[in-house]
Engineer: 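Handing you this structure, nothing more for now.
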Number of protein chains: 6
Amino acid sequence: MALHPLVEYADASPEVRAVYDDIMATRKTDWINNFWKALANDPATVRRTWESIQQIMAPGALDALTKEMIYIAVSVTNQCPYCIASHTASARKKGMTNEMFHELMAVVGMANETNRLASGYQVEIDEQFKTP
Amino acid sequence: MALHPLVEYADASPEVRAVYDDIMATRKTDWINNFWKALANDPATVRRTWESIQQIMAPGALDALTKEMIYIAVSVTNQCPYCIASHTASARKKGMTNEMFHELMAVVGMANETNRLASGYQVEIDEQFKTP
Amino acid sequence: MALHPLVEYADASPEVRAVYDDIMATRKTDWINNFWKALANDPATVRRTWESIQQIMAPGALDALTKEMIYIAVSVTNQCPYCIASHTASARKKGMTNEMFHELMAVVGMANETNRLASGYQVEIDEQFKTP
Amino acid sequence: MALHPLVEYADASPEVRAVYDDIMATRKTDWINNFWKALANDPATVRRTWESIQQIMAPGALDALTKEMIYIAVSVTNQCPYCIASHTASARKKGMTNEMFHELMAVVGMANETNRLASGYQVEIDEQFKTP
Amino acid sequence: MALHPLVEYADASPEVRAVYDDIMATRKTDWINNFWKALANDPATVRRTWESIQQIMAPGALDALTKEMIYIAVSVTNQCPYCIASHTASARKKGMTNEMFHELMAVVGMANETNRLASGYQVEIDEQFKTP
Amino acid sequence: MALHPLVEYADASPEVRAVYDDIMATRKTDWINNFWKALANDPATVRRTWESIQQIMAPGALDALTKEMIYIAVSVTNQCPYCIASHTASARKKGMTNEMFHELMAVVGMANETNRLASGYQVEIDEQFKTP
């Protein structure tokens, strides 16, 4: 048997089903993506992760789409194919246009470039940035 | 002599001075931060980098503040102290409040966590994410 | 011809065969996994890597299973699919249970999150941590 | 005023004080390290992070010291100076000897090396690792 | 329709065709690889990226092959499968032998290892390295 | 006492002194940099690391300076301040000019950028790159 089988709703414990139900209700869908089905092998982690994501991704000072794009920026920087695919799909559902995606990628690429220029040239932090 | 001395305006070549002038005019300031003074050791790179940043960071489908926050998300993921300090200062100037920063950090932290859960559990990309 | 063909035992030089023989004897198996067959294109590297791994992964102050789990922690953080798959299989053979794997993933995820919170908030190292 | 001042107990809100009290009680100390004081600028994040860490780092299938060493492995891989310093101190308090630390570092170094050899040689995952 | 369809020459705008024409002329080939066809969804990015790469990868103080090998070193460190595959192919065309590739990988692996040993042991930068 | 005190020659064991002697003889210097003094807390690691570096960094199909620049490329990508400082100093001693360093940084920056564009646009590897 696989180490991390995907836990389907029919086979899930009540604790995991409660998470699945909440995911589907929140997203207004009857579908659970593989990330949650894999995490469900560990009920404590699937519940804690879902609860944290719910709190963190809720609109607040930043809107939900901006948060999804930040999620993509991190996932692309870390080169996580699953996360890039899933959060790009999410962001599109929340209204990310092609133009927004293109600009997002341009910024992510540029930041990854200048991060290395700053390190490679051993640039010291300006005093002005230390006492903002 | 240091490998990458900071190039001050007085010592800069006309080509570098043109970049410095443009930076100061664009930012409405008389101050150049260390990143540019270090890059100025290579006039071709300082000019290309500034021109690319100008194009990429200009408001478009995404506003300038959103772009700064994406820059921070990448810099924090890459653990680049200079970039975190400088872009946090920039974002604040463009209107990032404490609340926005806190939510940004929460998303960046969470994305870095779930990126690893997705990889560690070897989650396969759902078909639904392949044909968005 | 491919740049990095897998070097099968039958086609291997005596030097590489000696490494393969040692791998199989150590692991009590008649099977060599792809990592070694690819590295075998460079006999010096396959031998040095195997010798280093032998020394480093041998039980000492840390037992062999703990070392495998640390290997997984690094591989997941670096998002290396091959390494995650191979070291997860190794760890299971050495006795890693599902519960242990779940806790390992939870720690790896959390550490990746708080690493970024520490950087993003530009937290200075406490004096107490400097003189342990 | 600084963007992320360290929030001292005397200046903390009741919500943050409750977290501080719990940290000090759990750790049997009267001292709060800078990480928490910086996070405390965002009460929701400081509480959620502390609660998650409490759950995740509690002894279970893995003991507390093993979990600390996994934390160090991730922090070293990500090159997070604060996290390396603080979790090395924690691990020492929980009984990590010099010998254990040396072996931990040797494994972390080796894993970071072979992660790149696996990627660079474009090694395909063995079928045996896909159905463990 | 896909978010990032590959833009074929026949469907490309004049601006994108100009980039494609330049790529094919420079490389003396009638073939465009997927990276450019994907980037072409954003004409500004495909043009800026191509122009920057042209400038940066041109032989100068470093020859073209050395630059390709540096590109591979970064791509392997970042674990980017596409970039590893494409730049390894490029480097081979420019004369990288198997022996050169093997030595390149050995250095990349070693550097990734010692980078973590330096961080994990919290080694302070020697004064001698600060004033080169 | 510190967890990783720097081991000075006078206090070193014969095994560590042998490594130090070899480092000084090889480099024609009477000075040992902090990296080795910190690693020397673990005699097995300091010896294995030095021996591996000796083998890997020796001129072969690639010359010693090219290898140092590849080391820098990795260290900058990983954002390791110690490694950037020490290997930049080494490379300069081996003849790296300012122009070479500038071009190296430009390539490293660009590669870090395009690595993310390739991932973010989810570019599939061309068949042509799979059978080189």
Side-chain angles (χ1 to χ4, degrees), chain A residues 3-4 31 33-35 37-39 41 45 49 52-53 55-57 60-62 66-67 69-71 73-75 77-78 80-83 85-89 92 97 99-100 102-104 106-119 121-126 128-130 132, chain B residues 3-4 31 33-35 37-39 41 45 49 52-53 55-57 60-62 66-67 69-71 73-75 77-78 80-83 85-89 92 97 99-100 102-104 106-119 121-126 128-130 132:
Chain A
L3 182 57
H4 335 290
W31 177 63
N33 57 309
N34 290 346
F35 177 72
K37 290 182 184 168
L39 274 201
N41 287 286
T45 292
T49 305
S52 292
I53 280 198
Q55 289 173 35
I56 289 169
M57 299 304 280
L62 301 178
T66 298
K67 289 183 172 187
M69 291 190 296
I70 292 165
Y71 225 107
V74 171
S75 303
T77 299
N78 284 329
C80 176
Y82 186 87
C83 317
S86 63
H87 285 279
T88 300
R92 267 174 90 71
T97 62
E99 286 66 32
M100 292 165 90
H102 298 152
E103 296 191 9
L104 169 59
V107 177
V108 169
M110 194 72 209
N112 272 290
E113 181 175 14
T114 59
N115 280 193
R116 272 63 183 204
L117 293 174
S119 293
Y121 278 91
Q122 304 179 49
V123 187
E124 289 194 14
I125 300 181
D126 306 70
Q128 288 91 332
F129 294 148
K130 290 183 181 165
Chain B
L3 182 57
H4 335 291
W31 177 63
N33 57 309
N34 290 346
F35 177 72
K37 290 182 184 168
L39 276 200
N41 286 286
T45 291
T49 304
S52 294
I53 278 198
Q55 288 173 35
I56 288 169
M57 298 304 280
L62 301 178
T66 298
K67 289 183 172 187
M69 290 190 296
I70 292 165
Y71 225 107
V74 171
S75 303
T77 298
N78 284 329
C80 175
Y82 186 87
C83 318
S86 62
H87 286 279
T88 300
R92 266 174 91 72
T97 61
E99 286 66 33
M100 293 165 89
H102 298 153
E103 296 191 10
L104 169 59
V107 176
V108 168
M110 194 73 210
N112 271 291
E113 179 175 16
T114 59
N115 279 194
R116 272 63 183 206
L117 293 174
S119 293
Y121 278 91
Q122 303 179 47
V123 188
E124 289 192 15
I125 300 181
D126 306 71
Q128 288 92 331
F129 293 147
K130 290 183 182 166

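Letters A, B, ... mirror the listed sequences (proteins, then strands); counts begin at 1. When reading the values below, keep in mind they use all heavy atoms of this one structure, side chains included, and skip hydrogens, waters and symmetry mates. As the structure is a computational prediction, the values presented were derived from the model and not from experiment.
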Engineer: Top residue by heavy-atom pair count (under 4.5 Å) with chain A, among B/Ile70, B/Thr66, B/Asn33, B/Ile53?
Structural biologist: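 Of the candidates given, the most pairs with chain A belong to B/Asn33.
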Engineer: With chain B as the partner, which of A/Met110, A/Met100, A/Glu124 has the greatest number of non-hydrogen pairs under 4.5 Å?
Structural biologist: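 Heavy-atom pairs under 4.5 Å are most numerous for A/Met110.
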Engineer: Do you know which two heavy atoms are closest between B/Ser86 and A/Phe129, and how far apart they sit?
Structural biologist: CB-CE1, 3.4 Å
Engineer: Go through B/Ile56 and A/Glu103 one step at a time and tell me if the side-chain contact (heavy atoms from CB on, under 4.5 Å) criterion holds.
Structural biologist: CA-CA 7 Å; B/Ile56 288 169; A/Glu103 296 191 9; over 6 Å; no
Engineer: Top residue by heavy-atom pair count (under 4.5 Å) with chain B, among A/Ser52, A/Ser119, A/Gly60?
Structural biologist: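 Most pairs with chain B among the choices: A/Gly60.
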Engineer: Under 4.5 Å heavy-atom distance to chain A, tell me which part of B/Met57 shows up: side chain, backbone, both or neither.
Structural biologist: side chain
Engineer: I'd like to verify something: which residue of B/Ala38, B/Ala73, B/Ala118 has the highest number of heavy-atom pairs under 4.5 Å with chain A?
Structural biologist: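 Top option by heavy-atom pairs under 4.5 Å: B/Ala118.
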Engineer: Tell me which one of B/Asn115, B/Thr114, B/Leu117, B/Asp126 satisfies side chain to side chain contact (heavy atoms under 4.5 Å, CB included) with A/Tyr82.
Structural biologist: B/Asp126
Engineer: Could you tell me the separation between the CG atom of B/Leu62 and the CG atom of A/Leu104, rounded to the nearest 0.5 Å?
Structural biologist: 6.5 Å
Engineer: Using the rule given for side-chain hydrogen bond (donor to acceptor under 3.5 Å, both in side chains), can you reason through B/Tyr121 versus A/Asn34, listing the C-alpha separation, both sets of side-chain angles and the distance that settles it, and then say yes or no?
Structural biologist: CA-CA 10 Å; B/Tyr121 278 91; A/Asn34 290 346; over 6 Å; no
Engineer: I need the single residue from B/Val108, B/Asn112, B/Asn78 that forms a side chain to side chain contact (heavy atoms under 4.5 Å, CB included) with A/Thr77. Which is it?
Structural biologist: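 Output: one option passes, namely B/Asn78.
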Engineer: Which atom pair, heavy atoms only, marks the closest approach of B/Ile125 to A/Ala85?
Structural biologist: CG2-CB, 3.9 Å
Engineer: Donor-acceptor check, side chain of B/Glu99 to backbone of A/Ala61, threshold 3.5 angstrom: yes or no?
Structural biologist: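 Not confirmed, B/Glu99 side chain does not pair with A/Ala61 backbone.
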